[in-house]
Each structure stands twice: as C-alpha cells, then as structure tokens.
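The structure under discussion appears below in the form of structure tokens.
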Amino acid sequence: MPKGFRRLAGTTLTGVALLALLLPGSGSEAAGSVSGSFVALGDSYASGNLIPSSPSGRPAGCLRSSHDYGADAAAALKVFRYVDATCSGASTKSMTAPEKVAGGTNAPQFSFLAADDSVVTLTIGGDDIGFGGILETCATLSLIDLFGDPCERHYVAGGTDRLVAAINAATPKVAAVLRGIHARAPHARVLLVGYPDILPTTGDGCWPEVPLAFGDVPYLRGIEIDLNQMLARAAAANGATFVDTYQATIGHDACQRPGVKDVEGLIPTSLAAPFHPNERGEQVMAARVLAALPG
C-alpha cells in the first residue's frame, strides 16, 4: 500500500448530515465508479488547515485535517483507499519537488499517485500568485488609507496589474500539473477544485475582521474571480473537470456571522486558519466535488 494510504470508516455524523443537506444523495451516483484510490492533492485550501483533527498525518507542518474536503468526499463515497497528499503552502512546484514544512518534508505530491487511481482532486494556484503575501501587504496598507484603495494602487502601479500578471504566469504551471496527473494516473477522473468566496460580493467589507481598505474589497474579489476563471480554463484545456466552489459559498464569506461563514477572517471564530475554509466550508467544497463526479 503506497505511503499515505488510509482506510476511511466514515466521517462525523454532523459532516454526513450537512453533506446530505447540501447535496441530497451525495455520493450515491458516483460511488460505484470509484473502485480505485481517491487521491487528494493541493494547498492549504485542500488540506483544511487547523480544522479538527489537524494536524493529521505526517509531516505535521502540512496541517492536514481528517475533515478536509477530500476526506469528507471520500468518506461519503465509502472508498476503500484514500490518500491525502495535500500540504499547507503547496504550489505547483510542490507536485514534483519536496516541500519543507515544520516537522519534516512532504514528498513531491505526484509521488502519491498510482496508475490505478480512480479519482484525483486538486486545489492549486493560490500560493503561486502569493496569496499570503498579498493579504499581508493589503492589510498593512489598509492602516494608512482605510477609505481608499491603497492595495489596488500598489499592485497596478506603472500601469500593469501585477496580480493579473501573476495569474497569467501561473496558467502554464497549472496546465503542466494537470498533464502530469494524467500521465501518472491515466484512468483517474481529475477534478480541479476552485477557491471559495472569501469576500462579500457587495459593500465595503468588514474591517477589521477582514482588514482590507474599503476600496480594495471589490478589487481583491475580482482577483479571486480571475484566479478561478483561469483554473476553469486550464481544466477545460487539459482534460479535467473544474469544480466551482465560489458560487456555492456566496453569502458565506469571511464577513458573515459564525455558523453562516464558510471562510474565516483574521481572527477565526471556529477552528480553522485565518482566511481559509472552516469545517463547514470544507463540507460545502466536498459537496461540490461529489456533485461533479457523476458527470
């Protein structure tokens, strides 16, 4: 059994119940088609940072949760073999190169793939464009111009939007990852899972819970939409299915109240990393994965 495989007996009753509410009959149509392994690849949005139980597996610094969206979907499908190769901070480079994290090194994520895999999920691209650094920069700039758009001015100085350029630069890297998955798992259904809605679709945001200047909220919302659209195009061009988690999480962004939000703000109100999906958010993402599988 390849490194990282584990048998899933199921998920929590709460998780199963919520998946059933989000997608009635979740997994029933697709379960019969998953005879081989279910493999989860990707970054912190796929690993479910700090959601109980996290860290799960080794190295601990990957912060994988036993209830990230891959684990929730695999449990709903009742797959016999599930491997979680996801890791916090992973970029497209992490697919073919080891990633050093606290407590050890995560092997190249492609090393977890096998020829008989049935399903491979992937969330990637956010760290290629520097997601964490963008948030840090924009939060700092909000302190000096809360009512303006200092972050947008910073990134478009000189007439070129550097974040759009970063998304464009990531496009061939994502495409290469998808081709690499097909080469190593030729019979697998490959699902490229997008990023959920982080910011409200209207209004000025919710500083300081999400510390962004009022004018930068629509700008950064647009950047996330651009990233998801790039992922959708890459999936379509490289034999993968794009899983849209953005539409399903509109109205459940980081500015919403606890119990409604799917993504946490600067100071999480449930166990999850800041600006990352919480347990409910990962379950919503799992439901979208399950909905995509029968097609």
Side-chain angles (χ1 to χ4, degrees), residues 43-45 49-50 88-89 91 123-171 173-174 193-234 242 244-270 272-278 280-281 284-285:
D43 58 23
S44 53
Y45 274 66
N49 287 14
L50 303 182
S88 177
S91 67
T123 296
I124 206 72
D127 286 289
D128 286 87
I129 71 168
F131 175 74
I134 293 167
L135 285 176
E136 183 177 349
T137 296
C138 294
T140 301
L141 290 172
S142 76
L143 299 175
I144 60 174
D145 188 6
L146 177 59
F147 297 97
D149 55 356
C151 182
E152 180 175 9
R153 296 199 310 273
H154 172 78
Y155 282 110
V156 300
T160 298
D161 191 320
R162 285 180 283 156
L163 298 188
V164 171
I167 292 171
N168 292 336
T171 303
K173 299 176 184 178
V174 173
V193 182
Y195 292 90
D197 183 18
I198 301 170
L199 299 172
T201 56
T202 60
D204 299 326
C206 56
W207 196 96
E209 291 86 351
V210 175
L212 300 173
F214 296 167
D216 285 329
V217 172
Y219 169 66
L220 291 173
R221 182 194 313 125
I223 292 297
E224 186 187 2
I225 290 171
D226 287 347
L227 175 59
N228 276 324
Q229 289 177 341
M230 179 274 282
L231 295 175
R233 291 192 298 270
F242 178 68
D244 181 2
T245 67
Y246 187 91
Q247 292 296 321
T249 51
I250 289 176
H252 301 276
D253 54 80
C255 286
Q256 305 307 314
R257 68 181 186 275
V260 174
K261 65 176 71 175
D262 290 334
V263 178
E264 294 297 325
L266 177 64
I267 301 176
T269 56
S270 64
F275 305 110
H276 280 73
N278 52 31
R280 186 189 187 284
V284 172
M285 296 172 78

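Only heavy atoms go into these numbers, but all of them, side chains included; no hydrogens, no water, no symmetry mates.
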### Query
For Val210 and Cys255, which heavy atoms make the closest approach, and how far apart are they?
CG2-SG, 4.0 Å
## Note on the structure
When rounded to the nearest 0.5 Å, the distance separating CZ of Arg221 from CG of Asp216 is 11.5 Å
### Message
Within this structure, what is the CZ-CD1 distance for the pair Phe275 and Ile198, rounded to the nearest 0.5 Å?
### Response
9.0 Å
#### Entry: Working for side chain to side chain contact (heavy atoms under 4.5 Å, CB included), residues His252 and Val284
CA-CA 10 Å; His252 301 276; Val284 172; over 6 Å; no
### Summary
CG of Leu231 to OG1 of Thr171, rounded to nearest 0.5 Å, is 8.5 Å
### Qualifying salt bridge (charged side-chain N to carboxylate O under 4.0 Å, His left out) pairs, either residue in residues 224-234, two or more places apart
none
### Query
Would you say Glu209's side chain and Ile267's backbone share a donor-acceptor pair under 3.5 angstrom?
no
### Query
Where do Glu152 and Gly215 come nearest, in terms of heavy atoms and distance?
OE1-O, 4.4 Å
### Message
Just so I know, are the side chains of Asp145 and Arg153 near enough to count as touching, which here means a heavy-atom distance under 4.5 Å?
### Response
yes
### Query
Hey, mind stepping through Asp253 and Val263 against side chain to side chain contact (heavy atoms under 4.5 Å, CB included) and telling me if it holds?
CA-CA 6 Å; Asp253 54 80; Val263 178; 5.9 Å; no
### Message
Among Ile129, Val174, Asn168, which residue satisfies the side-chain contact (heavy atoms from CB on, under 4.5 Å) criterion with Met230?
### Response
Val174
### Query
Is there a side-chain contact between Asp161 and Tyr219, using heavy atoms and a 4.5 Å cut-off?
yes
### Task
I would like to know whether Tyr195 and Asp43 meet side chain to side chain contact (heavy atoms under 4.5 Å, CB included); could you show each step before the answer?
CA-CA 11 Å; Tyr195 292 90; Asp43 58 23; 2.5 Å; yes
### Query
Can you pull the ring pair (Phe, Tyr, Trp, His ring centres under 6.0 Å) pairs that have at least one residue in residues 127-165, sequence neighbours excluded?
Tyr45-Phe131, Phe147-Phe214
#### Entry: Side chain Asp244, main chain Gln247, donor-acceptor under 3.5 Å
yes
### Message
Working to the nearest 0.5 angstrom, can you tell me the gap between Thr245 OG1 and Asn228 CG?
### Response
6.0 Å
### Task
State, to 0.1 Å, how close Ser142 and Pro211 come at their nearest heavy-atom pair, and which atoms those are.
OG-O, 3.4 Å
### Query
Which distance, rounded to the nearest 0.5 Å, do you find between the SG of Cys138 and the CG of Asp149?
10.5 Å
### Query
Which pair of heavy atoms, one from Ala254 and one from Cys206, lies closest together, and at what distance?
O-SG, 4.5 Å
#### Entry: Between Thr249 and Asp262: side-chain donor-acceptor atoms closer than 3.5 Å
no
### Candidate pair Val217 and Asp204, rule side chain to side chain contact (heavy atoms under 4.5 Å, CB included), full reasoning
CA-CA 6 Å; Val217 172; Asp204 299 326; 5.6 Å; no
### Val193 backbone acceptor or donor facing Thr123 side chain under 3.5 Å
yes
### Task
Might you point out which heavy atoms bring Met285 and Pro277 nearest each other, and give the distance in Å?
SD-CG, 4.0 Å
### Query
Where do Asn278 and Ser270 come nearest, in terms of heavy atoms and distance?
CB-OG, 3.4 Å
### Query
For Asp127, which residues count as a side-chain hydrogen bond (donor to acceptor under 3.5 Å, both in side chains) partner, sequence neighbours excluded?
none
### Query
Atom CD1 in Ile134, atom CG in Leu163: separation rounded to 0.5 Å?
4.5 Å
